[in-house]
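What follows is a single structure, and I will ask about it in a moment.
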Amino acid sequence: MELKPISQGGIAEAISKVEVYRYLNEPGEAESICRDILAVDAGNQAALRLLGLAITDQFDGSPADRYAEAESLFRSLANEYERIYHCGIVHERKAKAQLKAGRLTHTLLPIFEEAMRCFEDAEKIRPANNDDAILRWNRCLRLLQSRMGSEWRKDMEEFDASEGPPV
């Protein structure tokens, strides 16, 4: 069996379906449709962006999460603001997924910081009246503030080098 291609004329409707499936929390369906769109229009910016988002919607904090694939898709976006902003989304969602999966909180601080750096960079070149990067930066900061203290910053004196493997 082979996949059936969609028509060029059906791309706009397919994009609408991707958005609906993401709202319904069915990212696998959204991902499949994006791949159908990209099979007939490899440079479709909306499909590339939505595919990356559908992949990040599936992050669960496991090693199987496709961080590199999502980031690669976002790095291929033509618009510099979109590229930087969505790379921030990858880092933010990676950190949130790993937090939810029970990863050690202090190990996630650099991931949140990278997301915030991307959002700051995106803010500098954002379109007029677009505060998305600010909103995301604020959310990251609120998450960090809600768990401030020893959870985020582990003291180095707690680390005992003698407990590790020989060097």
Side-chain angles (χ1 to χ4, degrees), residues 1-103 108 110-144 146:
M1 289 193 196
E2 290 184 26
L3 295 172
K4 297 180 181 185
I6 64 170
S7 64
Q8 284 281 340
I11 289 176
E13 182 63 28
I15 292 287
S16 295
K17 288 185 185 336
V18 170
E19 292 167 344
V20 168
Y21 281 119
R22 285 197 64 234
Y23 290 136
L24 293 173
N25 197 26
E26 295 187 22
E29 302 299 328
E31 179 180 347
S32 179
I33 295 169
C34 286
R35 293 190 187 283
D36 288 335
I37 295 166
L38 293 169
V40 297
D41 183 3
N44 187 295
Q45 295 294 288
L48 288 168
R49 179 177 48 80
L50 289 166
L51 176 57
L53 290 170
I55 290 170
T56 67
D57 290 341
Q58 297 173 64
F59 288 174
D60 62 8
S62 76
D65 284 345
R66 297 177 288 157
Y67 307 120
E69 183 180 358
E71 189 169 1
S72 175
L73 287 162
F74 292 142
R75 289 197 184 281
S76 73
L77 294 173
N79 179 283
E80 184 180 12
Y81 167 80
E82 291 285 324
R83 202 170 39 249
I84 296 168
Y85 172 78
H86 285 91
C87 284
I89 294 285
V90 170
H91 296 296
E92 178 190 11
R93 290 186 174 181
K94 175 181 182 179
K96 286 178 177 178
Q98 290 187 2
L99 184 63
K100 189 174 181 179
R103 301 292 186 276
L108 303 178
I111 303 170
F112 274 113
E113 288 172 338
E114 180 60 19
M116 293 170 79
R117 186 195 61 72
C118 290
F119 295 141
E120 283 181 330
D121 290 349
E123 178 189 354
K124 294 173 188 170
I125 59 170
R126 74 184 191 262
N129 301 315
N130 181 332
D131 293 333
D132 290 349
I134 295 169
L135 296 170
R136 299 308 287 227
W137 192 92
N138 287 346
R139 177 60 179 138
C140 288
L141 181 59
R142 285 188 178 105
L143 273 170
L144 292 174
S146 74

> Can K124 and E120 be counted as an ion pair, charged N to O under 4.0 angstrom?
Replying inline: no
> Is there side-chain contact between E114 and K94, with heavy atoms separated by less than 4.5 Å?
Replying inline: no
> Is there side-chain contact between F119 and I89, with heavy atoms separated by less than 4.5 Å?
Replying inline: yes
> Which of parallel (below 30°), tilted (30 to 60°) and perpendicular (above 60°) describes F59 and Y67?
Replying inline: perpendicular
>> D60 vs K100, test: salt bridge (Lys or Arg N to Asp or Glu O under 4.0 Å). Steps then yes/no.
In response: CA-CA 8 Å; D60 62 8; K100 189 174 181 179; over 6 Å; no
> Taking the side chain as C-beta and beyond, is there a heavy-atom pair between Y81 and D132 under 4.5 Å?
Replying inline: yes
> So, R35 and E69, do they make that salt bridge, N to O below 4.0 Å?
Replying inline: yes
> For the atom pair CG (L51) and OG (S76), what is the distance rounded to the nearest 0.5 Å?
Replying inline: 9.0 Å
>> Looking at every non-hydrogen atom in both residues, tell me the closest pair between L53 and T56 and how far apart they are.
In response: O-OG1, 2.8 Å
> Just one of L38, I6, D36 clears the side-chain contact (heavy atoms from CB on, under 4.5 Å) bar with I11, so which one?
Replying inline: I6
> Roughly how far, to the nearest 0.5 Å, is SG of C87 from CG of L73?
Replying inline: 10.0 Å
>> Determine whether E82 and Q45 satisfy the following criterion, side chain to side chain donor-acceptor pair (under 3.5 Å), listing intermediate values before the conclusion.
In response: CA-CA 10 Å; E82 291 285 324; Q45 295 294 288; over 6 Å; no
> How far does CE of M116 sit from CG of L144, to the nearest 0.5 angstrom?
Replying inline: 5.5 Å
>> So R49 and L77, do their side chains get closer than 4.5 Å, heavy atoms only?
In response: yes
> Given side chains that start at C-beta, do those of P27 and Y21 come closer than 4.5 Å, heavy atoms only?
Replying inline: no
> Does K17 pair with E26 as a salt bridge, N-O distance under 4.0 Å?
Replying inline: no
> Which distance, rounded to the nearest 0.5 Å, do you find between the CG of D131 and the CD1 of I134?
Replying inline: 4.5 Å
>> For the CZ atom on R103, are there more than 12 heavy atoms of other groups (residues, nucleotides or ligands in this structure) within a distance under 6.0 Å?
In response: yes
>> So that I can tick it off, tell me whether R22 and E19 are bridged by a salt bridge, with the cut-off set at under 4.0 angstrom between side-chain N and carboxylate O.
In response: no
> What's the shortest heavy-atom distance between C118 and I84, and which atoms?
Replying inline: O-CG2, 3.2 Å
> Which residue pairs pass the salt bridge (charged side-chain N to carboxylate O under 4.0 Å, His left out) test with at least one member in residues 134-143, sequence neighbours excluded?
Replying inline: E92-R136
> Near L3 CG, under 6.0 Å, is it more than 12 heavy atoms from other residues, nucleotides or ligands?
Replying inline: no
>> Can you tell me which residue among H91, K96, R117 is in a side-chain contact (heavy atoms from CB on, under 4.5 Å) with F112?
In response: K96
